[in-house]
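Working notes for the structure below.
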Amino acid sequence: MSRKDAHAYAASLAATLMVAIVVFEAGDGSYGAVPADEIDGDEVAIVGEIDPFQ
């Protein structure tokens, strides 16, 4: 997904699940979003984090 789509998805996911969501760029140049506690750092660059409590 694009970076813009990943941020929009992350914001929606954070608001729905009420957990911190990390937006990352994978080694192949694609973007994604996962809950912060699921990121393990394997070949990803963290682009941003959305915390619904801030």
Side-chain angles (χ1 to χ4, degrees):
M1 83 177 65
S2 71
R3 185 174 181 167
K4 182 179 178 181
D5 289 342
H7 277 279
Y9 176 68
S12 174
L13 196 59
T16 301
L17 298 177
M18 295 305 292
V19 298
I21 302 294
V22 171
V23 177
F24 65 90
E25 181 179 9
D28 65 357
S30 63
Y31 292 90
V34 295
D37 61 349
E38 291 185 20
I39 200 83
D40 57 8
D42 290 337
E43 297 187 29
V44 298
I46 296 176
V47 177
E49 183 175 348
I50 299 175
D51 186 349
F53 299 107
Q54 290 185 348

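In what follows, residues are counted from 1 in the order of the sequence shown.
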Between Val47 and Arg3, is the side-chain contact (heavy atoms from CB on, under 4.5 Å) condition met? List the steps. CA-CA 9 Å; Val47 177; Arg3 185 174 181 167; 2.9 Å; yes

Can you find a heavy atom in the side chain of Phe53 that is under 4.5 Å from one in the side chain of Met18? yes

Between Glu38 and Val22, is any pair of side-chain heavy atoms under 4.5 Å apart? no

Answer with yes or no whether the hydrophobic clustering places Leu17 together with Val34; edges join I, L, V, M, F, W, Y residues whose side-chain heavy atoms lie under 4.5 Å apart. no

Hey, mind stepping through Ile39 and Phe24 against side-chain contact (heavy atoms from CB on, under 4.5 Å) and telling me if it holds? CA-CA 9 Å; Ile39 200 83; Phe24 65 90; 4.0 Å; yes

For the CD atom of Glu25 and the OH atom of Tyr31, what is their distance to the nearest 0.5 Å? 3.5 Å

Rounded distance [0.5 Å steps], CD in Gln54 versus CD in Glu49: 8.0 Å

When every non-hydrogen atom of Ile50 is compared with those of Ala11, the smallest separation belongs to CD1-N, 3.6 Å

Locate the shortest heavy-atom distance separating Ala33 from Tyr9; write the atom from each residue and the value. CB-CD2, 3.8 Å

Partner of Ile21 under side-chain contact (heavy atoms from CB on, under 4.5 Å), chosen from Ser12, Pro35, Pro52: Pro35

